[in-house]
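To keep things clear, I will list the structure first and then write my remarks on it.
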Amino acid sequence: MTKTYYLTTPLYYVNAKPHIGHAYTTVAADALARFKRLMGYDVLFLTGTDEHGQKVERAALAANKTPQDFTDELSNEFRQLWAELNISYDDFIRTTEARHKKAVCETWKRLQANGQIEIQKYKGWYDATSETFMSYREMKEAKEAGGHQHIEENMEEIEEENFFFKLSAHQKWLMDYVDANPDFIQPKSRRNEAASFLEKNDLNDLCISRPKERLQWGIETPLSDKHVTYVWFDALVNYISACGFPDDEAKFKKYWPADVHLIGKDILRPHTVYWPIMLHGMGLEPPKKIFAHGWWMVDELKMSKSLGNVIRPKDVVDVYGVDPFRFFMLREVPFGQDGTYSDEAMTKRYNVDLANDLGNLTHRTLSMMEKYFDGVIIADGAKDANNLVRDKALGLAGRLEILLDQMQFSQALSEIWSLITEANRFIEHSAPWTLKKESKIDELRVVMVSCCEALRLIAQAVWPFIPHSAENLWEQLGLNKADLANTSFAEIEWNYFTKDTPVKKGQPIFPRLEL
Ligand code: MSP
């Protein structure tokens with residue numbers, strides 16, 4: 001039976017246009033999805049948009065549009081961006097879709113049937129910008145921490161009846177679960193953060209509804225027509241509504257629990273506390289892994305409209321191209337840590353890693369193939385090769401899988417690049433031009449076909465990260481584009497060229513950029 005792999009991005013809020021921070025999770029997820037497909041998995045890669053709540057309602061109002069028109073438009077912007085960035089998602093879910101609403105209602109019903117939801121009168125402070133409640137104590141702490149102005153401007157005191165989810169009843173279960181499953185929350189720093197939050201705080205029951213007088217733009221709860229669902233209690237459910245819950249049992253059984261939820265570090269708590277408890281409360285398994293990555297900053301600052309330093313993916317892509325952008329995001333910063341975007345860093349990565357290392361290896365290999373062998377990769381020409389390039393190539397897929405299971409995108413790329421570096425070094429050391437001069441044709445053939453074998457493997461290895469360029473490289477090696485993704489990456493490690501293959505050298509894949 002084919003192994004399955006189910007991975008998700010967060011659902012992006014449609015209150016603003018996407019920036020490079022949003023693209024980051026999606027590009028990472030795409031690389032992972034493509035890699036797993038290449039390794040023979042049946043992949044379900046889910047992304048989408050989070051469309052309910054006060055922020056969206058207000059943004060729609062400010063734009064003089066109905067929430068539906070507004071969310072249609074913005075959700076489409078995300079879709080268009082993903083098309084531009086060559087994102088191969090299998091499903092795009094919107095929280096305004098019927099299938100999702102149904103799953104949310106079913107979640108509520110099951111939790112209520114299990115005695116997990118109760119109605120309570122609530123008195124406290126409400127922050128409309130973050131859509132969170134604060135108790136009087138939290139409010140006092142926030143003021144002491146210097147949040148005075150924000151509080152004055154955004155907080156309102158409220159009293160109302162709402163539904164509450166008994167988070168507290170499952171705190172012990174969750175602590176034990178996190179303890180017993182060291183890989184559940186990654187990276188380690190985030191796991192520690194979540195574990196220490198659970199140790200130091202008694203979980204309050206979570207208010208999971210909003211009265212309709214205060215918020216119309218939400219999913220009506222099945223327990224009262226006067227309330228809609230609180231954003232997180234709506235949005236998190238997408239991870240199961242998209243894989244068959246509650247009606248398609250076979251699909252649900254096939255994909256759930258998800259292999260990984262990729263998220264940013266700012267949404268750690270809903271994903272590592274609310275979500276596992278919601279699932280547990282319904283008798284469902286938690287996801288296998290939650291991985292929280294770091295933030296992209298600009299000049300050490302958070303991107304924000306008011307600072308005017310927001311970087312849009314399109315602006316970067318227009319200058320450097322889609323693949324260099326994807327490459328930069330995943331290579332520049334270890335996944336999990338914060339990173340800084342700058343054009344200087346982007347240009348340097350492009351010129352050094354892409355133009356020099358990979359670009360040159362491709363170009364010089366193919367040029368020499370044309371010069372010395374009339375452009376034909378000779379069948380079985382490097383079958384018996386005994387060189388460092390082959391040594392490094394063997395087992396590459398396995399090494400990458402270990403790294404990518406730990407979401408170490410940057411390390412995985414550096415592993416591929418060490419093969420590229422080795423191949424470039426090998427050319428220098430074996431000096432094909434001298435072999436030619438000395439008429440050592442057999443030796444020359446082994447050197448050159450070894451480089452072609454390495455390039456074939458490299459094309460597949462980089463495909464998850466830079467798919468267009470990998471396909472271009474693959475075709476320059478005289479291969480059929482469709483075969484790249486259909487050839488099992490792990491199985492044929494060497495001696496791929498078992499028949500004479502005429503190369504099709506084209507333009508350099510990464511022409512050098514001038515600073
Ligand atoms: N709608 C919620 C998620 C619901 S998931 C069921 C949400 N949306 S968001 O649009 O505000 O953020 C989506 C993701 O973008 C988050 O993972 C967040 O970490 C990420 N990023 C937003 N700005 C970012 C950077 N500057 N850098 C990296 N990622 C950042 O939260």
Side-chain angles (χ1 to χ4, degrees), residues 7-29 46-57 59 71 74-75 77-78 81-82 91-97 100 103-104 107 129-132 190 193 208 217-219 229-243 258 260-276 278-279 287 290-305 307 309-313 316 325 328-330 332-342 407 409:
L7 75 163
T8 66
T9 72
L11 294 197
Y12 301 99
Y13 279 133
V14 289
N15 59 338
K17 290 174 196 280
H19 57 56
I20 58 167
H22 302 118
Y24 188 40
T25 333
T26 312
V27 166
L46 174 72
T47 189
T49 41
D50 185 357
E51 308 192 358
H52 292 123
Q54 210 151 46
K55 271 194 242 177
V56 176
E57 195 175 54
T71 53
L74 270 148
S75 183
E77 287 226 17
F78 278 89
L81 176 63
W82 302 153
D91 196 355
F92 186 105
I93 191 163
R94 302 180 57 185
T95 53
T96 44
E97 283 174 49
H100 175 69
V104 169
T107 300
T129 51
S130 61
E131 296 182 56
T132 46
R190 298 294 158 213
E193 182 183 327
I208 56 170
W217 188 237
I219 299 176
T229 307
Y230 162 57
V231 275
W232 282 107
F233 226 74
D234 160 353
L236 287 163
V237 176
N238 92 87
Y239 299 133
I240 54 174
S241 33
C243 71
V260 64
H261 292 323
L262 294 176
I263 60 166
K265 63 181 183 180
D266 55 315
I267 52 178
L268 189 72
R269 195 172 305 168
H271 281 83
T272 57
V273 179
Y274 307 168
W275 182 227
M278 283 164 76
L279 290 162
I290 298 160
F291 195 107
H293 63 67
W295 269 48
W296 280 94
M297 322 275 272
V298 176
D299 300 328
E300 313 291 321
L301 296 169
K302 249 174 126 168
M303 279 183 278
S304 81
K305 257 197 197 159
L307 288 175
N309 63 352
V310 177
I311 304 209
R312 307 278 172 207
V316 183
F325 171 66
F328 176 80
M329 296 244 100
L330 297 180
E332 186 71 3
V333 178
F335 207 60
Q337 293 177 22
D338 289 345
T340 295
Y341 179 85
S342 73
M407 312 299 138
F409 298 96

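Counting starts at 1 for both ligands and their atoms, in listed order.
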In this structure, does ligand 1 have an atom that sits under 4.0 Å from one of the heavy atoms of Ala16?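 It does not, in that no heavy atom of Ala16 comes within the 4.0 Å cut-off of ligand 1.
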
Would you say Met297 contacts ligand 1, with heavy atoms under 4.0 Å as the rule? no

Do any nitrogen or oxygen atoms of [X] come within less than 3.5 Å of a nitrogen or oxygen of ligand 1?
X	value
His293	no
Thr25	no
His271	no
Leu11	yes

Proximal candidate to atom 6 (C) of ligand 1 [heavy atom criterion; set Tyr341, Trp296, Tyr239]: Tyr239

Pick, from Ala235, Gly294, Gly264, the option with the minimum heavy-atom distance to atom 17 (O) of ligand 1.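 Looking at heavy atoms only, Gly264 sits closest to atom 17 (O) of ligand 1.
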
Nearest-neighbour protein heavy atom for [atom], which is reported as residue plus atom name and distance:
atom	value
atom 16 (C) of ligand 1	Ile267 CD1, 3.8 Å
atom 9 (S) of ligand 1	Tyr13 CD1, 3.7 Å
atom 20 (C) of ligand 1	Gly21 O, 4.2 Å
atom 14 (C) of ligand 1	Tyr12 CE2, 3.7 Å

What atoms in ligand 1 come closer than 4.0 Å to a heavy atom of [X]?
X	answer
Asp50	1 (N), 2 (C), 4 (C)
His19	22 (C), 23 (N), 24 (C), 26 (N)
Asp266	18 (C), 19 (O)
His22	10 (O), 15 (O)
Met303	26 (N)

Between Asn238 and ligand 1, which residue portion shows a heavy-atom distance shorter than 4.0 Å: side chain, backbone, both, or neither? side chain

Under-4.0 Å heavy-atom contact with ligand 1, by part of Lys302 that carries it: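 Looking at Lys302 and ligand 1, no heavy atom falls under 4.0 Å.
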
Close side-chain approach of Tyr24 and His22, heavy atoms under 4.5 Å: no

I'd like to know if the side chain of [X] and the backbone of [Y] have a donor-acceptor N/O pair within less than 3.5 Å.
X	Y	value
Asp338	Trp295	yes
Thr95	Glu51	yes
Arg94	Gly48	no
Thr25	Leu262	no
Asn309	Lys302	yes
His19	Ser304	no

Any chance you could lay out the side-chain contact (heavy atoms from CB on, under 4.5 Å) test for Thr340 and Glu332, step after step, and finish with the verdict? CA-CA 9 Å; Thr340 295; Glu332 186 71 3; over 6 Å; no

Is the centre of the Tyr239 ring less than 6.0 Å from the centre of the His271 ring? yes

Students often mix this up, so state it plainly: with edges at 30° and 60°, are the rings of [X] and [Y] parallel, tilted or perpendicular?
X	Y	value
Phe78	Tyr12	parallel
Tyr341	Phe328	perpendicular
Phe335	Phe291	parallel

